[in-house]
K.L.:
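My questions all concern the structure below.
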Amino acid sequence: MSDKKIDGAKRTWLIASGCAGAVGAGFVAVPFVSSFEPSERARAAGAPVEVDISGIAPGEKLTVAWRGKPVWIVHRTPEQLAELPKIDAELADPESKRTNFSTTPEYARNDWRSIKKDFLVVVGICTHLGCSPGDKFTPGPQPSLPDNWSGGFLCPCHGSTFDMSGRVFKDKPAPDNLEVPPYIYLSDSRILIGEDKKA
């Protein structure tokens with residue numbers, strides 16, 4: 001009778017130690033398995049970001065993060081696009097030739113500064129001191145903007161203004177247009193920010 005009690009006690013002890021060992025192995029395995037995933041640091045260092053642009057209505061903007069920077073995707077209206085060539089004379093670098101801040105990709109050296117006219121893709125950081133400009137899409141006179149304002153972006157820090165293509169106006173503190181990141185269209189509704197060549 002006492003032998004059975006000892007066997008039962010041993011059995012309970014063995015089961016308890018086996019369970020504790022399994023739980024411990026699980027805790028050891030989780031960090032090991034998760035180490036195969038790219039770290040936040042690796043993603044921030046430049047991993048491409050895939051974005052679905054199908055839900056952005058005309059006149060709206062979507063912001064996504066790439067390399068720790070805000071990237072704006074703006075679905076421009078036909079009216080906004082029609083204004084772009086009319087203001088070239090007011091811009092510091094209408095053809096995006098300057099390289100003070102970054103080099104504009106060849107496919108974005110046009111009035112709309114993008115692959116497809118409808119969608120603007122730019123880094124939302126002012127080229128002056130790194131502030132983030134605000135949306136001023138509504139045309140017409142308004143505070144801190146000229147009376148003939150046709151829509152675009154205003155940096156609140158020092159008053160730099162950019163058109164609906166991210167091109168900087170003349171005589172402003174910003175030395176360059178907003179940066180166009182590398183990107184490609186994966187389909188009509190999806191873009192990949194961070195790469196501009198198909199593998």
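Throughout, numbering of the chain's residues begins at 1 and tracks the sequence. On a predicted model such as this, the values are computed, not experimentally measured, just so you know.
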K.L.:
With the 4.5 Å side-chain cut-off for hydrophobic clustering, are Val49 and Ile115 part of the same group?
P.N.:
yes
K.L.:
Give every residue pair that meets the side chain to side chain donor-acceptor pair (under 3.5 Å) criterion with at least one member in residues 113-122, sequence neighbours excluded.
P.N.:
Arg76-Ser114, Ser96-Arg113, Thr104-Arg113, Lys116-Asp188
K.L.:
Rounded to the nearest 0.5 Å, what's the gap from NZ on Lys86 to CG on Asn148? Could you check?
P.N.:
12.0 Å
K.L.:
Can you tell me if Arg167 uses its side chain to pair, donor with acceptor, with the backbone of Pro94 under 3.5 Å?
P.N.:
yes
K.L.:
For the CG atom of Asp163 and the CD1 atom of Ile87, what is their distance to the nearest 0.5 Å?
P.N.:
4.0 Å
K.L.:
What's the spacing between Ser165 OG and Asn177 CG if we round to 0.5 Å?
P.N.:
9.0 Å
K.L.:
Taking the six-membered ring for Trp, are Trp66 and Tyr183 closer than 6.0 Å centroid to centroid?
P.N.:
no
K.L.:
Stepwise, does the side-chain contact (heavy atoms from CB on, under 4.5 Å) test hold for Ile184 with Ile191?
P.N.:
CA-CA 6 Å; Ile184 56 172; Ile191 63 173; over 6 Å; no
K.L.:
Supply the atom-to-atom distance Cys155 SG to Leu129 CG, rounded to the nearest 0.5 angstrom.
P.N.:
8.0 Å
K.L.:
Could you list the residues that satisfy side chain to side chain contact (heavy atoms under 4.5 Å, CB included) with Glu79, not counting sequence neighbours?
P.N.:
Thr77
K.L.:
Check whether any side-chain N or O of Ser132 sits under 3.5 Å from a backbone N or O of Gly124 as a donor-acceptor pair, and report yes or no.
P.N.:
yes
K.L.:
Enumerate donor-acceptor pairs with a distance under 3.5 Å from any side-chain N or O in residues 134-143 to protein atoms, sequence neighbours excluded.
P.N.:
residue	atom	partner	partner atom	Å
Asp135	OD1	Lys61	NZ	2.7
Asp135	OD2	Lys61	NZ	3.3
Gln142	NE2	Thr138	O	2.7
Gln142	NE2	Gly140	O	3.0

K.L.:
Val64 versus Leu62: any side-chain heavy-atom pair under 4.5 Å?
P.N.:
yes
K.L.:
Heavy atoms, side chains only, cut-off 4.5 Å: are Ile193 and Val51 in contact?
P.N.:
yes
K.L.:
Can you name the nearest heavy-atom pair linking Glu60 to Gly55, along with the distance?
P.N.:
OE1-O, 4.4 Å
K.L.:
Is the shortest side-chain N to carboxylate O distance from Arg190 to Glu50 below 4.0 Å?
P.N.:
yes
K.L.:
Can you name the nearest heavy-atom pair linking Pro48 to Glu195, along with the distance?
P.N.:
CG-OE2, 3.3 Å
K.L.:
Which heavy-atom pair separates Glu83 from Ser150 by the least distance, and what is that distance?
P.N.:
OE1-CB, 3.9 Å
K.L.:
Holding to side chain to side chain contact (heavy atoms under 4.5 Å, CB included), I want the full list of residues that pass it with Ser189, two or more places apart in sequence or in another chain.
P.N.:
Asp52, Ser54, Ser187
K.L.:
Evaluate disulfide (SG to SG under 2.5 Å) for Cys157 paired with Cys131, printing each intermediate quantity in order.
P.N.:
CA-CA 7 Å; Cys157 301; Cys131 303; 2.2 Å; yes
K.L.:
For residues Leu84 and Asp111, report the shortest heavy-atom separation together with the two atoms involved.
P.N.:
CD1-O, 3.7 Å
K.L.:
For residues Leu120 and Val122, report the shortest heavy-atom separation together with the two atoms involved.
P.N.:
CD1-CG1, 3.5 Å
K.L.:
Using the side-chain contact (heavy atoms from CB on, under 4.5 Å) rule, take Lys170 and Leu91 through it: C-alpha gap first, then chi angles, then the decisive distance, then the call.
P.N.:
CA-CA 5 Å; Lys170 287 179 178 176; Leu91 304 170; 5.7 Å; no
K.L.:
Tell me, please, which residues at least two apart from Val123 pass side chain to side chain contact (heavy atoms under 4.5 Å, CB included).
P.N.:
Lys69, Val71, Ile125, Glu179, Pro181
K.L.:
Would Asp93 and Asp176 count as a side-chain contact (heavy atoms from CB on, under 4.5 Å) if you check the C-alpha gap in whole Å, the side-chain angles of each, and the deciding distance to 0.1 Å?
P.N.:
CA-CA 7 Å; Asp93 183 23; Asp176 214 340; 4.0 Å; yes
K.L.:
Does the ring center of Tyr185 lie less than 6.0 Å from the ring center of Phe119?
P.N.:
no
K.L.:
Could you list the residues that satisfy ring-ring contact (aromatic ring centres under 6.0 Å, His included) with Trp72, not counting sequence neighbours?
P.N.:
Phe153
K.L.:
For a 4.5 angstrom cut-off between non-hydrogen side-chain atoms, does Thr161 reach Val168?
P.N.:
no
K.L.:
Give the C-alpha distance, both sets of side-chain angles, the deciding distance and a yes or no for side-chain contact (heavy atoms from CB on, under 4.5 Å) between Phe169 and Ser160.
P.N.:
CA-CA 7 Å; Phe169 282 80; Ser160 292; over 6 Å; no
K.L.:
State plainly whether one hydrophobic cluster holds both Val74 and Leu145, where clusters connect Ile, Leu, Val, Met, Phe, Trp and Tyr through side-chain heavy atoms under 4.5 angstrom apart.
P.N.:
no
